[in-house]
Amino acid sequence: MTSKRLIASDYDGTLSCGGDSLEKNARAVSAWRKAGNLFGVVTGRGTHITAELAEHGFETDFVLCNNGAVCISGGEMIFAERNDMSLVRDVTKFISVCGAGYFGLVAPEYEKGFVAGKLPEDLDKLPQFTQLTAICADDDDASRISREINVKYADSLISYANGKFIDIVKRGISKAEGISRVARILGVEENHISAVGDNYNDLIMIEAFDGYAVSGARELVKRRAGHVVESVADMIDELIKNQSY
């Protein structure tokens, strides 16, 4: 195992807070990696986020997409945990009845949105999927529907509420499990991992590792985190100072 430290950061609302923070965070990430450490992004988004990260100048050792279901490193797909496509019709029908009306279906190299009752025409050509996302009326609806999904599909799927969004992945998949898997591949001890986020779907990784929340995070997330920082850049500054002692 290496003595290097690893930071796993959420993207939307955490690494990409807008304004000058994008450039500030990108510089801090570069300094963190130049100090011999590792940095990865952990997001509910699909693999297309790698292009956005590059556009904003973010250097990463890995990107975990779809809440930990897919890992990209060095431009290569390291792993992808997929679901049986036969679940899509049943799950979308169930969620529609519960109140969600718009969906996003994701597989590596495939992302498509659709409304309730109108599945993509090319659905049968896609053998498996990595994540199904539903958009609900509000945060409370998303939390309620997410709980119902986790009861009804307990043997095969798990869902995470993220604001008014629900991300549905294979049972056993989470941001925390994805980070642990990457850490084993990279030879990093789990007590050398810090995770930072802002929303409910980040709680599982924040609580599993040395957890940070950014100042704009939801109050529950800040209460559960061990540390609250203004930005990812400030978190990195703190960790580098501690590492030098």
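All values below were derived from every heavy atom in this structure, side-chain atoms included, with hydrogens, water molecules and symmetry-related copies excluded. Numbering starts at 1 and runs along the sequence shown.
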First locate atom [atom1] of [X], then atom [atom2] of [Y], and finally report the distance between them rounded to the nearest 0.5 Å.
X      : Y      : atom1 : atom2 : value
Met205 : Leu203 : CE    : CG    : 9.5 Å
Arg224 : Ile206 : CZ    : CD1   : 10.0 Å
Arg147 : Ile166 : CZ    : CD1   : 10.0 Å
Arg82  : Asn66  : CZ    : CG    : 10.5 Å
Tyr110 : His48  : OH    : NE2   : 11.5 Å
Ile7   : Phe209 : CD1   : CZ    : 13.5 Å

[X] versus [Y], closest heavy-atom pair with distance:
X      : Y      : result
Leu22  : Ser16  : CD2-CA, 3.8 Å
Thr50  : Thr47  : OG1-O, 2.9 Å
Met85  : Pro127 : CB-O, 3.3 Å
Cys71  : Phe62  : SG-CB, 4.2 Å
His227 : Asp210 : NE2-OD1, 2.8 Å
Pro108 : Met77  : CB-CE, 3.3 Å

Hey, does [Y] have a side-chain heavy atom less than 4.5 Å from the side chain of [X]?
X      : Y      : result
Lys24  : Asp234 : yes
Phe165 : Asn201 : no
Leu239 : Tyr212 : yes
Asn67  : Gln131 : yes
Asn199 : Arg218 : yes

Sub-3.5 Å donor-acceptor pair from the side chain of [X] to the main-chain atoms of [Y], do we have one?
X      : Y      : value
Thr133 : Asp167 : no
Asn83  : Phe129 : yes
Asp84  : Ser86  : yes
Ser30  : Ala26  : no
Asp61  : Phe39  : yes
Lys170 : Thr130 : no

For Arg144, is there an ion pair with Glu148 - N to carboxylate O distance below 4.0 angstrom? yes
Is Glu238 salt-bridged to Lys241, going by a charged N under 4.0 Å from an acidic O?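 Lys241 and Glu238: not salt-bridged.
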For a side-chain contact (heavy atoms from CB on, under 4.5 Å) check, start with the C-alpha distance between Leu119 and Arg89, then their side-chain angles and the critical distance, and finish with the verdict. CA-CA 8 Å; Leu119 294 169; Arg89 296 181 191 278; 3.1 Å; yes
Can [Y] be reached from [X] by stepping across I, L, V, M, F, W or Y side chains whose heavy atoms are under 4.5 Å apart?
X      : Y      : result
Ile149 : Ile158 : no
Tyr153 : Val106 : no
Val91  : Tyr160 : no
Ile135 : Phe103 : no
Ile185 : Ile193 : yes

Between Asp139 and Tyr200, a side-chain donor and acceptor under 3.5 Å: no
Cationic tip of Arg45 above Tyr11 ring, under 6.0 Å, 45° of axis: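 No cation-pi geometry.
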Could you walk me through whether Glu177 and Arg181 satisfy the salt bridge (charged side-chain N to carboxylate O under 4.0 Å, His left out) test, starting with their C-alpha distance in whole Å, then the side-chain angles of each, then the deciding distance to 0.1 Å, before giving a yes or no? CA-CA 6 Å; Glu177 175 56 34; Arg181 189 169 177 180; over 6 Å; no
Applying side chain to side chain contact (heavy atoms under 4.5 Å, CB included) between Asp10 and each of Val221, Asp202, Leu15, Val214, report the one that passes.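 With Asp10 as partner, Val221, Asp202, Leu15, Val214 yield a single side chain to side chain contact (heavy atoms under 4.5 Å, CB included), made by Asp202.
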Heavy atoms of other groups near Lys164 NZ, more than 12 under 6.0 Å: no
